[in-house]
Amino acid sequence: VIERDSTRIVQTGDLSLEVAKGGVSPTVEKLNVIASSLRGRVASTKSSSSGEAPFASVTLRIPVAKYGLAIAKINVLGKVLQSNSSGEDVTGQYTDLNARLHALEASRSTYLTLLSKATNIGEVLSVQQRIDGVQQQIESLQGQIKVLADQSDMSTITVNVSEKGAATFVAPTPRSGIDKAFHDGIHNFNAGVARIGPGAGTVLLLLVVAAFVIGVLRLGRRLARSAACWASELPHFSVTQLSCAVRVRQLHRLDVRGFV
């Protein structure tokens, strides 16, 4: 028989509360009391009481039927700076998972009957392999149903608590890709310089800049000489000869690179 449950809603809420100075810890304790009084629980608590801006983040699991009452009780604990609430109807998904589970359980029963009637090792191994595959699917569906049932039975409410006048902390965005590689390189370079000595950084920086400038000047001279040489030769070449000359120079460069 397929289980036919009432409507199942995954209910979630997110609130930010501002409390008076020194009120973060007492508010966390009150949140614990609210969860217990509504037959819920505190799933997690993250807090920091050090520094000038103590804060806490508390995640509550409250029965869905008492979600609205929980929100009302939380709202009176401080000034509500932000409040978000959302609900997702998962009744269809839950029913579908149960239907698939019952179908697989029926298939397993059929295979077990066939296994009891198997007359040789080949038949036993073949049927047992099918039973194992069906059992894996059954266990996967049972896990999904359990998670979905928990999410729809118990709502999730996250409450962020901070003191009045405290600056909102914004976590820095982690670097990635080329930006991360560049900054890691700079960091490693600075660390290496610091190990060498206090005045080594300036010396190394000057050497790098000097090498770069010298390289640019040499490249400029080579380009200037090449341009002058070609300018002097152009009037004496026909189009065909010019093409040949270009090709010869290209081959010469390839030969030199291959040799190097």
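Any value given below was found using the heavy atoms of this structure, including those in side chains, with hydrogens, waters and symmetry copies removed. None of these values were measured; they are calculated from a predicted model. Along the sequence shown, residues are numbered consecutively beginning with 1.
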Are the side chains of [Y] and [X] in contact, using a 4.5 Å heavy-atom criterion?
{"X": "Ile71", "Y": "Leu15", "value": "yes"}
{"X": "Gln142", "Y": "Glu105", "value": "yes"}
{"X": "Thr110", "Y": "Ser107", "value": "no"}
{"X": "Thr45", "Y": "Val28", "value": "yes"}

* **Enclosure of Leu125 CG (heavy-atom neighbours >12, cutoff 6.0 Å)** =>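 Yes, because the 6.0 Å sphere around CG of Leu125 holds more than 12 heavy atoms from other groups.
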
* Donor-acceptor contact below 3.5 Å, side chain Ser36 vs main chain Asn32 -> yes

* Steps toward side-chain contact (heavy atoms from CB on, under 4.5 Å) verdict (Val64, Val10) -> CA-CA 8 Å; Val64 171; Val10 175; over 6 Å; no

* Hydrophobic cluster partners of Val147 (side-chain heavy atoms under 4.5 Å) ->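 Result for Val147 is none, singleton.
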
* Which residues, ordered by chain and number, are linked to Val33 in its hydrophobic cluster, where ILVMFWY side chains connect at heavy-atom gaps below 4.5 Å, directly or through other members? -> none

* Thr158 and Asp14: side-chain hydrogen bond (donor to acceptor under 3.5 Å, both in side chains), yes or no, with the steps? -> CA-CA 5 Å; Thr158 302; Asp14 187 356; 5.4 Å; no

Identify the two heavy atoms, one from [X] and one from [Y], that lie closest to each other, and give their separation to 0.1 Å.
{"X": "Leu17", "Y": "Ile74", "value": "CD1-O, 3.7 Å"}
{"X": "Val19", "Y": "Gly78", "value": "CG1-CA, 4.3 Å"}
{"X": "Tyr67", "Y": "Ser155", "value": "CD1-OG, 3.4 Å"}
{"X": "Val80", "Y": "Ser83", "value": "CG1-CB, 4.0 Å"}
{"X": "Lys73", "Y": "Leu77", "value": "O-CG, 3.7 Å"}
{"X": "Arg8", "Y": "Thr91", "value": "N-OG1, 2.7 Å"}

* To do: Let me see the working for Gln135 and Leu104 under side-chain contact (heavy atoms from CB on, under 4.5 Å), right down to the final yes or no.
  => CA-CA 8 Å; Gln135 183 61 36; Leu104 287 171; over 6 Å; no

* Pairs satisfying salt bridge (charged side-chain N to carboxylate O under 4.0 Å, His left out), at least one member in residues 29-48, at least two apart ->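 Output for this query is empty, none listed.
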
* To do: Keeping to residues at least two apart or across chains, list the salt bridge (charged side-chain N to carboxylate O under 4.0 Å, His left out) pairs with something in residues 107-135.
  => none

* Can you list the residues that meet the salt bridge (charged side-chain N to carboxylate O under 4.0 Å, His left out) rule with Asp89, with sequence neighbours excluded? -> none

* Asked: Among all residues two or more places apart in sequence or in another chain, which pass the salt bridge (charged side-chain N to carboxylate O under 4.0 Å, His left out) test with Asp150?
  -> Arg61

* Connected via hydrophobic side-chain network under 4.5 Å: Ile9 and Met154 ->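 No, because Ile9 and Met154 fall into different hydrophobic clusters, even though each may have its own neighbours under 4.5 Å.
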
* **Phe55-Val58 co-clustered via ILVMFWY side chain contacts under 4.5 Å** => no

Mind checking the [atom1]-[atom2] spacing from [X] to [Y]? Nearest 0.5 Å is all I need.
{"X": "Ile157", "Y": "Ile62", "atom1": "CD1", "atom2": "CD1", "value": "5.5 Å"}
{"X": "Tyr111", "Y": "Ile131", "atom1": "OH", "atom2": "CD1", "value": "9.0 Å"}
{"X": "Gln93", "Y": "Ser152", "atom1": "CD", "atom2": "OG", "value": "9.5 Å"}
{"X": "Asn160", "Y": "Leu81", "atom1": "CG", "atom2": "CG", "value": "10.0 Å"}
{"X": "Ser140", "Y": "Ile138", "atom1": "OG", "atom2": "CD1", "value": "11.0 Å"}
{"X": "Leu141", "Y": "Lys146", "atom1": "CG", "atom2": "NZ", "value": "15.0 Å"}

* Asked: Do Ser86 and Thr12 have side-chain atoms, one donor and one acceptor, less than 3.5 Å apart?
  -> yes

* Given Val24 and Glu163, is the side-chain contact (heavy atoms from CB on, under 4.5 Å) satisfied, shown in steps? -> CA-CA 7 Å; Val24 173; Glu163 288 188 355; 3.6 Å; yes

* Verdict with reasoning, Ile145 to Tyr94, per side-chain contact (heavy atoms from CB on, under 4.5 Å) -> CA-CA 7 Å; Ile145 291 172; Tyr94 186 81; 3.7 Å; yes

